[in-house]
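Since we're looking at a predicted model, the values are computed, not measured. Both ligands and their constituent atoms are indexed starting at 1 by order of listing.
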Amino acid sequence: MLQDLIETLEQKYRNTYLEYWKDLHRHPEPSYEEVRTSGKVRDILKSLDLEVKTGIGGTGIVGVLKGNNPGPVIALRADMDALQIQEETGCSFASENEGVMHACGHDTHTAMLLGAAHILSEIKDQIKGSIKFIFQPAEESSPTGGAPGMIRDGVLENPKVSAILGVHIWPTLKTGELGIREGIMSAASDRLQISISGKSTHAATPEFGIDAVVIAAQAISSLQTLISRNVSPLDSAVITIGKITGGTRYNIVADRVELDGTVRTFAPETRKLLARRIEETVEGTVRAMGGTCEVNYRWGYPSVMNNPKITAIARNTIKKIVGEKGLYEIDMPNPGGEDFAFFSEKIPSAFVWVGCRPQDKPAEEFPKLHNNRFLPDKRALPFGVKYLCQVALDVLEEVGE
Ligand SMILES: [Zn+2]
Ligand SMILES: [Zn+2]
C-alpha cells in the first residue's frame, strides 16, 4: 500500500531532511535574501531529477515532479525566509547569522517539503499527475509578501495548478497533532505607517513648539479605543504599533515621530471599517494638538481561506497520518497573517498546522512563533513530511476524478 511505502521512505530519508533543517536553521536569511537557501533547494531538487526553475518572484524556486501516469497538477508550498531577531535558543545548530533567526519555523517548512520531494520522487511510477514543489521567498515581508511575485511570474501556470497545499509548524499544538479548519484560517494583515510632524524647540520652553512625541502618545492611545469601541465584541481585531522612532535629543522637543504597526482583522467589513476609522482618528487627534500627519494604510495579506472540498480531503489525510486522536479541529482562526492567502485567493487550497510542542511542555511555557527561543520539537517534522506526501497523492486522486 502507498501509505506503508511512505512510512518506510520517510524513515529512510529522516536523517537527510533533519540535516537539511539544521543546516537551514544555522544559516537563516531574511526576506528576499534567501540566496544560500534557494541555492541549496535548487541543488537538491536537481539531484532528484525534477524540472527546476529559479528566480521566480525573486529568490523563489519551483520543481516539477511528473508522475508516470496522466493526471492533474497540484502544488505543495513552503516558505524559506527568516526574521531579524537574535536567536536565544542555545541549541547546537543555532543561527550563525548575527541578528537573523528562523523564529517562524520556515526552515522546518523548507526541510519538510524537501523530505517530501525525496519520497515522492522515489514513487513517481505510482503518481497520477504532477506535483509542483514551490519554495517561496519573503513570507514575512508584509504587506507585499513573496507569494504575489511568484504568482505574477506564473508559478501556478504551465502546467496549470488545480489545488495547492501548505503547512505551518505550530507551537500551541502538540507534536503528533495536525490542525485544520474550513474557511478562514488566518487574519487579514495590513500595515500601518504614520508620520507625525510638529515643531522643535528647547525642551524647557514647550510653548514655542509642537511636541510630536506627546501627539504620538495620544494617537496610539486613541487607536486602541477603536478596538474596544468600534469593533463588535463578537468580532475581533488587533492594532499594534510595534515601532516608534522620533526625536533627536533629550532636551529638544521632537518635531517628528514615525509609527509603524500592523492591523489584523477577520471579517472583511471590519477590515474596511478600521482602515477608515484609523485615518479619521489619527488625523483628528493630531490636528487637535496642532500637528500634521500622514497616514499610510497599506493593504496587506488577506485571510487564508480553506476551500471546503480540499479541506475535506486534507482532513481525511490527517486521520490517515495521526488518527482521530491527532486531528485537531481549529475553532478560531489565527490572528497572525500568512501570505499563503494569495495562493488561496487564486485556487482551491488547504493550509494545515503541524503541532511541534513536546508532549511534556505546557502550552504556556513553550515559546511561540517569532520568539527568540522558539525551537520546534524535531519529532514533529516526520508528521509534516508524511502529511505532505499523502495529501499530495490524495488530492491528485480526488481532483483527477
Ligand atoms: Zn512568521
Ligand atoms: Zn510563518
- Task: Identify whether NZ of Lys or CZ of Arg in Lys368 sits under 6.0 Å from the centre of the six-membered ring of Phe366 and within 45° of that ring's axis.
- Result: no

- For the residue pair Phe93 and Trp21, is the inter-centroid distance of their aromatic rings smaller than 6.0 Å? yes

- Message: Using a distance threshold of 2.8 Å, state whether an N, O or S atom of His106 lies below it from the Zn ion (ligand 1).
- Response: no

- Message: Strictly under 2.8 Å, is the Zn ion (ligand 2) approached by any N, O or S atom of His168?
- Response: yes

- Message: Quick one, Glu87 with His102, criterion side chain to side chain donor-acceptor pair (under 3.5 Å). Give me CA distance, side-chain angles, the key distance, then yes/no.
- Response: CA-CA 8 Å; Glu87 177 159 0; His102 268 295; over 6 Å; no

- Which atom, counting only N, O or S, brings Glu140 closest to the Zn ion (ligand 1)? OE2

- Message: We want to know whether Arg287 and Thr285 form a side-chain donor-acceptor pair, criterion being a heavy-atom distance below 3.5 angstrom.
- Response: no

